[in-house]
Student: 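This structure is in structure tokens; I'll ask about it shortly.
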Amino acid sequence: MATDYVADNLKAPVLDHLFPNMIEADKSASTWPYFRKQIDHPFRVDRRNPTVGFINRDEASILYANARAFKGRSGIEIGAWRGWSTAYLVAAGVAPLHVVEPLLADPDWRSEFEAVIRGAGGSSSTILAPEKSPEAVVRLGEAGARWSFAFIDGDHDGDAPRKDALACAPYLETTAMVLFHDLVSPHVAAGLRALKAEGFSVMAYQTAQMMGVAWRGATKPVAHTPDPAQHWQVPDHLTGIRISGEAAA
Ligand SMILES: C[S@@+](CC[C@H](N)C(=O)[O-])C[C@H]1O[C@@H](n2cnc3c(N)ncnc32)[C@H](O)[C@@H]1O
């Protein structure tokens, strides 16, 4: 049976009570070529959409611990789905928080999402943008928004993650961090490398779907020890990027 893993130094609150429809799913239903079914960590979904996954507990703990260093500072999330990762950003204290998610244009989706945000304690600090990135990011930035923390888990196809990263870049504060989910995809890794080319330091986290972090200024990402019970591999497209918890090659 798959078991959750969270590194010893990275505890995060359990927010499951906000997601009564969250279930552990059968990984075989997913057809995404970059889904690492072989990693024996539970894959959780909303029972109404069994093929779209939430970040797992290992990944939520990395998101929470990094975001915690930005408590009271502004953030943006691109691709929030039903608010699971959003709830961790809210719990970490990132505020104000812009949430860019086109599904929020649906009134039922939005009202369920708002209940999650309320439950996490973020109703007065979370600003929902029911739009697509990168256009929404540019709109918000041009209207004066600036962000210290960004979490990117939106459109994973083609050039989209790179465009999302580069859309955020001009509006990031001098001290800033950008975290990506699904670094096992070369498209997402292109987003991380785009920030590296802009002068950010970068690192990867070895989790089921891998995460990437880019940072600059007076901050440093948290360290993570990958689950010693798993057999980890590093995709070729990540050659040259340091992995947290592993000695530099
Ligand atoms: C895998 S889900 C995110 C899961 C979420 N981070 C979590 O852990 O609960 C990807 C989300 O990106 C959204 N998305 C797709 N294209 C987008 C775009 N252009 N701008 C913003 N969000 C987008 C989808 O609607 C979906 O909700």
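We count ligands from 1, going down the list as the structure has it; atoms in each ligand are counted the same way. Values below: all heavy atoms of this structure, side chains included; hydrogens, waters and symmetry mates excluded. Numbers for residues simply follow the sequence, beginning at 1.
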Student: So, regarding K132 and ligand 1 (criterion: nitrogen or oxygen to nitrogen or oxygen, under 3.5 Å), is there a contact or not?
Tutor: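 No; every N/O pair is 3.5 Å or more apart.
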Student: Please confirm whether H156 comes within less than 3.5 Å of ligand 1 when only nitrogen or oxygen atoms on both sides are compared.
Tutor: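 No, there is no polar N/O contact under 3.5 Å.
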Student: Relative to the heavy atoms of L103, which atoms of ligand 1 are at a distance of less than 4.0 Å?
Tutor: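 So the atoms of ligand 1 that pass are 25 (O), 27 (O).
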Student: Side chain or backbone, does E131 bring an N or O within less than 3.5 Å of an N or O on ligand 1?
Tutor: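 N/O-N/O distance below 3.5 Å does not exist for this pair.
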Student: Which residue holds the protein heavy atom closest to atom 1 (C) of ligand 1, what is that atom called, and what is the gap in Å?
Tutor: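 Minimum-distance protein heavy atom for atom 1 (C) of ligand 1 reads G53 O, 4.0 Å.
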Student: Write out the residue and atom name of the closest protein heavy atom to atom 22 (N) of ligand 1, then the distance separating them to 0.1 Å.
Tutor: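 Going by distance alone, atom 22 (N) of ligand 1 is nearest to P102 CD, 3.3 Å.
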Student: Do E77 and T86 have side-chain atoms, one donor and one acceptor, less than 3.5 Å apart?
Tutor: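 Yes, T86 and E77 have a side-chain donor paired with an acceptor closer than 3.5 Å.
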Student: Kindly confirm or rule out an N or O of I78 lying under 3.5 angstrom from an N or O of ligand 1.
Tutor: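 No.
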Student: What atoms in ligand 1 come closer than 4.0 Å to a heavy atom of S85?
Tutor: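 This gives 5 (C), 6 (N), 7 (C), 8 (O), 9 (O) as the contact atoms.
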Student: For atom 15 (C) of ligand 1, find the nearest protein heavy atom and state the residue, atom name and distance (0.1 Å precision).
Tutor: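 Going by distance alone, atom 15 (C) of ligand 1 is nearest to D155 N, 3.7 Å.
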Student: Below 4.0 angstrom from a heavy atom of V100, which ligand 1 atoms are there? Numbered from 1 as shown, please.
Tutor: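 So the answer, numbered in order with elements, is 21 (C), 22 (N).
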Student: For ligand 1, which atoms, with element, lie under 4.0 Å from some heavy atom of E101?
Tutor: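 Here the atoms of ligand 1 in question are 11 (C), 12 (O), 13 (C), 24 (C), 25 (O), 26 (C), 27 (O).
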Student: Short N/O distance, under 3.5 Å, between R82 and ligand 1?
Tutor: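 No, since none of the N or O atoms of R82 sits under 3.5 Å from an N or O of ligand 1.
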